[in-house]
2 protein chains.
Amino acid sequence: MARNVEFDEQLAVSKAMDVFWRKGYNGTTMRDLTEAMGINSSSLYNTIGDKHELFIRSIKHYTESRMKAAIKQLEPIKSPIKAIEKFILSSVYVITNEPNSCLAIKTTFEVATTDEQVQKIIKADNDFTYNLLNGLVERAIEKEEIKVSQDASMLTDYIINHFSGWHESFIIHHDKARIKNMATFLIKQLNQ
Amino acid sequence: MARNVEFDEQLAVSKAMDVFWRKGYNGTTMRDLTEAMGINSSSLYNTIGDKHELFIRSIKHYTESRMKAAIKQLEPIKSPIKAIEKFILSSVYVITNEPNSCLAIKTTFEVATTDEQVQKIIKADNDFTYNLLNGLVERAIEKEEIKVSQDASMLTDYIINHFSGWHESFIIHHDKARIKNMATFLIKQLNQ
DNA sequence: CTTAATCTGAAACAAATGTTTTAAAAATAA
DNA sequence: TTATTTTTAAAACATTTGTTTCAGATTAAG
């Protein structure tokens, strides 16, 4: 029959994701993308689709990678409260060491309000984190590792809620200590 | 000599701000702006300047209005802890009732990293809120209205930090109760 | 009223945008 | 090898972008 597609789609999407991550959806041009992906726009339109479709794939790639990483990281930890602490502290590490702040949060504030497809992906990502953490919180309350509140679902929201503020703070102040101190305080609150 | 400028600059900036607020910096076109402002682009360039300058004026207008409103609202409250609670609860009200989420936060995530001028304005706004709240927290600790921690500056950061997560949550879930429950828990934590 | 200044509106501008076309190159199956 | 199909690269496409030009309208001062 005929020749095969030459480029690695996963790799291409991952490179596109990097550009969207730095520049946002509206700040990224098709030429930014094709250049970073090392691919001609005709090939891009023939395989993946238009700019919007590429963005959808990019944020899906981002959220799915994060989900896998979170599961892999927390699975071996036996104590629920230890797993929660690990989750919080590794978030702090990512926030204070990665070059860009979270693509999901940036996307939420830039386009989630007006783009239904994006909104769904972001919500799915959020629900995943919620469920993962909520399981841990419920077990931690059962085991009396957490005594501060009996309301697991509120507490789960409460913990997750800190992350975007930490991102915001780090963009504005570039001060790791501020984030670490807040995280330490949050963990201390949970432990009492 | 010659005729005067015909349009009200403050009103024009305020109308431009509304557009940037909805669509973001990169999502807004000059035609969006001139249409909303009811003004021709030549007049705009003759008086205020280009798109970027108009954006700068817009976010300054936004942050300055908020500062004035915050001072006016908190001034009459005698008890520091009551003022802190009022600040938190009125933030919840704004987050769960305004059509768009905070322009300062949206701007932080969209362009603050790459635009130094914007970064400065955002930082100034943040510092203002920090100082306002920090004064209250210090007095509340002195008066032993707050006992949970003696570290006023960390506690101030900790409180402010909640707001962007609440915005994010509301964009994703549109669930007022979730935000209110978190706020109630935060206030309870402070009170003990 | 005249003069001089400058503001305004419509149109024009070049450059950049997202997307499509075209023709040639490449790879597989017969 | 040849025929057939698909991929690719470069250029072209129509719009949209941010910005400027220019002639005429409008105003204040002499």
Side-chain angles (χ1 to χ4, degrees), chain A residues 1-61 106-107 110-111 114-118, chain B residues 1-61 106-107 110-111 114-118:
Chain A
M1 297 283 279
R3 61 189 286 206
N4 291 330
V5 183
E6 211 167 70
F7 78 108
D8 178 345
E9 197 171 303
Q10 278 299 90
L11 184 66
V13 168
S14 157
K15 284 178 178 171
M17 183 195 76
D18 285 334
V19 182
F20 282 128
W21 200 349
R22 265 186 292 115
K23 307 189 137 198
Y25 180 70
N26 287 312
T28 298
T29 71
M30 287 303 288
R31 277 150 187 88
D32 291 335
L33 292 166
T34 50
E35 196 184 339
M37 297 163 85
I39 188 189
N40 192 275
S41 61
S42 79
S43 302
L44 182 53
Y45 277 85
N46 270 336
T47 49
I48 296 175
D50 63 8
K51 184 188 177 185
H52 187 262
E53 178 60 29
L54 186 52
F55 184 65
I56 295 294
R57 302 254 187 128
S58 294
I59 57 175
K60 274 187 180 159
H61 179 74
K106 291 178 78 166
T107 300
E110 192 193 352
V111 290
T114 49
D115 188 323
E116 214 171 311
Q117 243 185 107
V118 168
Chain B
M1 296 285 281
R3 59 188 288 206
N4 289 330
V5 184
E6 210 168 71
F7 77 107
D8 178 344
E9 198 172 302
Q10 277 300 91
L11 184 65
V13 167
S14 157
K15 283 177 177 171
M17 183 195 75
D18 285 334
V19 183
F20 283 127
W21 200 349
R22 265 186 293 114
K23 307 188 140 199
Y25 180 70
N26 287 312
T28 299
T29 71
M30 288 303 290
R31 274 149 188 91
D32 290 336
L33 292 165
T34 51
E35 195 184 340
M37 297 163 86
I39 187 187
N40 192 275
S41 60
S42 79
S43 302
L44 182 54
Y45 278 85
N46 271 334
T47 49
I48 295 174
D50 62 9
K51 183 188 178 187
H52 188 262
E53 178 60 29
L54 186 52
F55 184 65
I56 294 294
R57 302 256 186 128
S58 294
I59 57 174
K60 274 187 181 159
H61 180 74
K106 291 178 79 165
T107 300
E110 191 193 354
V111 288
T114 48
D115 187 323
E116 214 171 313
Q117 244 185 109
V118 168

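Numbers restart at 1 for each chain; the letters A, B, ... are given by sequence-line order, proteins then strands.
- The CD1-C1' distance, from I48(A) to dT19(C), rounds to 15 Å in whole Å.
- Between the CZ atom of F55(A) and the C1' atom of dG18(C) there is a distance of 16 Å, rounded to whole Å.
- Position along DNA chain D of the nearest nucleotide to S41(A) versus D50(B) favours S41(A) as the more 5'-ward residue.
- The nucleotide whose nearest atom lies closest to any side-chain atom of Y45(A) is, among dT20(C), dT8(C), dG18(D), dT20(C).
- Backbone-only contact: T28(A) has heavy atoms under 4.0 Å from sugar-phosphate atoms and none from a base.
- Ion pairing between a basic and an acidic side chain is recognised when a charged N comes within 4.0 Å of a carboxylate O; R57(A) and E53(A) show such pairing.
- To the nearest angstrom, P of dA15(C) lies 19 Å from CE of M30(B).
- Looking at the side chain of S42(A), the nearest of the listed nucleotides dG9(C), dT17(C), dA10(D) is dA10(D).
- Atom pair K23(B):NZ and dT16(D):P shows a separation of 13 Å (rounding to whole Å applied).
- Regarding H52(A), its NE2 atom lies at a distance of 16 Å from the C1' atom of dT19(C), rounded to whole Å.
- Without hydrogens or angle criteria, E110(B) side chain to N26(B) main chain gives a donor-acceptor distance under 3.5 Å.
- In the set dG18(D), dG9(C), dT19(C), dT19(C) carries the atom at the smallest distance from any side-chain atom of K51(A).
- For the pair K51(B) and Y25(B), the cation-pi test (distance below 6.0 Å, angle within 45°) is passed.
- What separates CG of N40(A) from P of dA11(D) is a distance of 11 Å, to the nearest Å.
- N46(B) has its CG atom 14 Å from the P atom of dT19(D), to the nearest Å.
- D32(A) and G27(A) get closest at one heavy-atom pair: OD2-O, 3.9 Å.
- Not one N or O on the side chain of S14(B) forms a donor-acceptor pair closer than 3.5 Å with the backbone of Q10(B).
- To the nearest angstrom, C1' of dT19(D) lies 14 Å from CD1 of I39(B).
- Each of dA11(C), dG18(C), dG18(D) was ranked by its minimum atom distance to the side chain of R31(A); first place goes to dG18(C).
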